[in-house]
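Worksheet: one structure, shown below.
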Amino acid sequence: MGDSSTSYIHMVQHMIEKCLIFNMTKEECMEALSKHANIKPVITSTVWNELEKENKEFFEAYAQSQSKQDRMSEEETSRMIQKMISDSSSKDPDK
């Protein structure tokens, strides 16, 4: 895998981690990254699935906490994603 695709996957992983911080479901994360960061849902899903494999216990606990959490409104989620993208694009982690 080339450096650019590795970098892209790391960026997607970082954005998924932000989605987790915002207590988003996999589907919400896929939709948000597709809408706001132009990342194809299949890419987000694939990276998410790999993260689940590597961090099984975390995702089991996360799934349990999801059912107990109050959900963010769509407007709050959109605002958080936009901030995440602008923060991410203002930094270049490869430098």
Side-chain angles (χ1 to χ4, degrees):
M1 190 181 313
D3 286 343
S4 64
S5 37
T6 301
S7 177
Y8 182 74
I9 290 170
H10 284 297
M11 185 265 305
V12 173
Q13 178 179 338
H14 178 73
M15 291 188 157
I16 289 172
E17 289 166 355
K18 293 289 189 178
C19 290
L20 294 171
I21 290 168
F22 301 142
N23 294 309
M24 297 171 80
T25 65
K26 179 180 180 180
E27 290 72 23
E28 289 168 331
C29 183
M30 288 167 45
E31 182 179 334
L33 296 186
S34 175
K35 182 177 179 182
H36 300 289
N38 235 7
I39 297 170
K40 293 181 181 177
V42 68
I43 302 291
T44 302
S45 179
T46 301
V47 175
W48 183 293
N49 290 342
E50 288 303 310
L51 288 171
E52 278 186 322
K53 284 182 200 171
E54 294 173 18
N55 304 284
K56 193 170 239 169
E57 289 149 8
F58 168 81
F59 278 94
E60 287 170 359
Y62 184 76
Q64 286 180 343
S65 72
Q66 282 281 294
S67 60
K68 299 173 187 172
Q69 294 280 333
D70 288 334
R71 310 299 301 160
M72 272 199 254
S73 73
E74 187 174 334
E75 183 180 327
E76 288 174 307
T77 302
S78 182
R79 195 170 36 248
M80 296 295 246
I81 293 291
Q82 287 297 334
K83 182 179 181 339
M84 174 180 76
I85 291 168
S86 67
D87 289 351
S88 175
S89 65
S90 68
K91 300 175 195 167
D92 188 352
D94 295 331
K95 292 188 178 182

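Numbers here simply count residues along the sequence, with the first being 1.
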Under the side-chain contact (heavy atoms from CB on, under 4.5 Å) criterion, do S34 and T44 qualify, and how do the steps go?
-> CA-CA 8 Å; S34 175; T44 302; over 6 Å; no
Taking every heavy atom of V12 against every heavy atom of I39, the minimum-distance pair comes out as CG2-CD1, 4.0 Å
Looking only at heavy atoms, which two atoms of M24 and E28 are closest? And how far apart?
-> CA-OE1, 3.3 Å
Gap between atom [atom2] of [Y] and atom [atom1] of [X] - 0.5 Å precision:
X   : Y   : atom1 : atom2 : value
I16 : M11 : CD1   : CE    : 10.0 Å
N38 : I43 : CG    : CD1   : 12.0 Å
L33 : K18 : CG    : NZ    : 12.5 Å

Begin from the C-alpha positions of F59 and L20 and carry the test side-chain contact (heavy atoms from CB on, under 4.5 Å) through to its verdict.
-> CA-CA 10 Å; F59 278 94; L20 294 171; 4.0 Å; yes
[X]: which residues meet the salt bridge (Lys or Arg N to Asp or Glu O under 4.0 Å) condition with it, sequence neighbours left out?
X   : answer
K40 : none
E27 : none
K56 : none

Under the side chain to side chain donor-acceptor pair (under 3.5 Å) rule, collect the residues that match up with [X], sequence neighbours excluded.
X   : value
E52 : W48
H36 : Q82
S45 : K26

Can you name the ring pair (Phe, Tyr, Trp, His ring centres under 6.0 Å) partners of F58, sequence neighbours left out?
-> Y62
Test side-chain contact (heavy atoms from CB on, under 4.5 Å) applied to E17 - qualifying residues, sequence neighbours left out | Q13, H14
